[in-house]
Amino acid sequence: MTHLTPNAVHSAIADGVLVVDTRPSAQFAQAFVRGSVCVPHSNSFLTCFGAVAPEECPVVLLVADESHAVELAGWLHLIGFDDVRGWALTRDMLAAPTPDGTEHPSLQSVSLDDAHDRLAQDHPPMVIDVRTAGER
């Protein structure tokens with residue numbers, strides 16, 4: 001499996017490849033590569049991946065180290081995702097400049113009251129519930 005440079009990962013994103021950041025979601029929220037999705041490396045990786053990945057799409061993995069890339073590519077193979085284009089270290093991606101020279105984006109948590117206020121605006125944000133059935 002190919003170790004990709006940050007430029008190669010950004011090119012993959014531009015080409016529509018699914019780039020998966022495998023860090024815990026709290027770390028992803030602090031800073032992430034624009035165009036990537038967060039699917040944490042955990043026992044539920046395949047379940048979560050299957051929920052966000054288009055069928056048989058090409059994939060690039062952002063990982064903590066090469067051994068994680070090898071492990072996760074093996075897991076993806078088990079469910080028919082054989083087009084893993086490569087991997088990159090997440091820390092290298094976040095240390096590299098973005099293609100447009102801006103900072104890496106982050107996500108903010110909002111309180112329930114703040115969410116309610118935002119939803120009452122003329123142009124409310126879209127809310128996507130990502131909890132599993134057992135979490136509702």
Side-chain angles (χ1 to χ4, degrees):
M1 188 170 21
T2 306
H3 181 196
L4 302 173
T5 65
N7 285 340
V9 173
H10 290 298
S11 292
I13 291 168
D15 291 342
V17 173
L18 179 64
V19 175
V20 179
D21 186 326
T22 63
R23 294 176 297 153
S25 56
Q27 289 178 15
F28 181 86
Q30 291 174 359
F32 60 93
V33 175
R34 189 173 279 111
S36 66
V37 298
C38 181
V39 181
H41 181 183
S42 68
N43 290 338
S44 56
F45 176 81
L46 289 179
T47 301
C48 295
F49 179 87
V52 300
E55 196 170 317
E56 299 181 21
C57 66
V59 176
V60 167
L61 298 168
L62 302 183
V63 294
D65 60 52
E66 183 177 6
S67 68
H68 288 168
V70 171
E71 178 182 31
L72 294 173
W75 290 1
L76 290 173
H77 175 73
L78 293 174
I79 62 168
F81 283 87
D82 297 322
D83 192 2
V84 178
R85 302 275 169 100
W87 62 277
L89 296 175
T90 310
R91 67 178 171 269
D92 291 349
M93 291 300 302
L94 295 175
T98 63
D100 62 3
T102 60
E103 299 220 359
H104 291 286
S106 62
L107 300 173
Q108 273 186 323
S109 294
V110 296
S111 69
L112 184 57
D113 289 337
D114 189 29
H116 185 271
D117 291 345
R118 290 181 188 195
L119 290 170
Q121 296 174 352
D122 288 337
H123 300 286
M126 180 185 296
V127 175
I128 301 171
D129 188 343
V130 296
R131 296 172 298 171
T132 63
E135 295 172 317
R136 287 191 204 111

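In this text, all values refer to a predicted model and were calculated from it rather than measured experimentally.
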Legend entry - Minimum-distance pair of heavy atoms, taken over all atoms of Asp114 and Ser111: N-OG, 3.0 Å
Legend entry - Gln121 atom CD, neighbour heavy-atom count above 12 within 6.0 Å: yes
Inset, instruction - Could you name each residue pair satisfying salt bridge (Lys or Arg N to Asp or Glu O under 4.0 Å) that touches residues 20-33, not counting sequence neighbours? - result: Asp21-Arg23
Legend entry - His104: partners by side-chain hydrogen bond (donor to acceptor under 3.5 Å, both in side chains), with sequence neighbours left out: none
Inset, instruction - Enter the distance from His68:NE2 to Leu62:CG here, rounded to the nearest 0.5 Å. - result: 13.5 Å
Legend entry - ILVMFWY network linking Ile79 to Val70, side-chain heavy atoms under 4.5 angstrom: yes
Pairs of donor and acceptor atoms involving the side chains of residues 89-98, under 3.5 Å and at least two apart or interchain, shall be tabulated with distances.
unit_1: Thr90; atom_1: OG1; unit_2: Val63; atom_2: N; d: 3.3
unit_1: Thr90; atom_1: OG1; unit_2: Val63; atom_2: O; d: 3.4
unit_1: Arg91; atom_1: NH1; unit_2: Ala64; atom_2: O; d: 3.1
unit_1: Thr98; atom_1: OG1; unit_2: Asp100; atom_2: OD1; d: 3.0
unit_1: Thr98; atom_1: OG1; unit_2: Gly101; atom_2: N; d: 3.1
unit_1: Thr98; atom_1: OG1; unit_2: Thr102; atom_2: N; d: 2.9
unit_1: Thr98; atom_1: OG1; unit_2: Thr102; atom_2: O; d: 2.6

Inset, instruction - Working to the nearest 0.5 Å, report the span between CH2 of Trp87 and OG of Ser67. - result: 9.0 Å
Legend entry - side-chain contact (heavy atoms from CB on, under 4.5 Å), paired with Leu18, selected from Val39, Val60, Val37: Val37
Legend entry - With sequence neighbours excluded, residues passing side-chain hydrogen bond (donor to acceptor under 3.5 Å, both in side chains) with Ser106: none
Counting only pairs under 3.5 Å, give me each side-chain donor-acceptor contact of residues 1-15, with atom names and distances, residues two or more places apart or in other chains.
unit_1: Thr5; atom_1: OG1; unit_2: Ala8; atom_2: N; d: 3.1
unit_1: Ser11; atom_1: OG; unit_2: Asn7; atom_2: O; d: 3.1

Show me the donor-acceptor pairs, under 3.5 Å and distance only, between side chains in residues 40-54 and residues at least two apart or in other chains.
unit_1: His41; atom_1: NE2; unit_2: Glu71; atom_2: OE1; d: 2.9
unit_1: Ser42; atom_1: OG; unit_2: Ser44; atom_2: N; d: 3.3
unit_1: Ser42; atom_1: OG; unit_2: Ser44; atom_2: OG; d: 3.2

Inset, instruction - Take Leu76 and Leu61 through the side-chain contact (heavy atoms from CB on, under 4.5 Å) test and state the conclusion after the steps. - result: CA-CA 11 Å; Leu76 290 173; Leu61 298 168; 4.2 Å; yes
Inset, instruction - Check whether any side-chain heavy atom of Val19 lies under 4.5 Å from a side-chain heavy atom of Val33, and answer yes or no. - result: no
Inset, instruction - Could you grab the distance from atom CZ of Phe32 to atom CZ of Arg34, nearest 0.5 Å is fine? - result: 7.0 Å
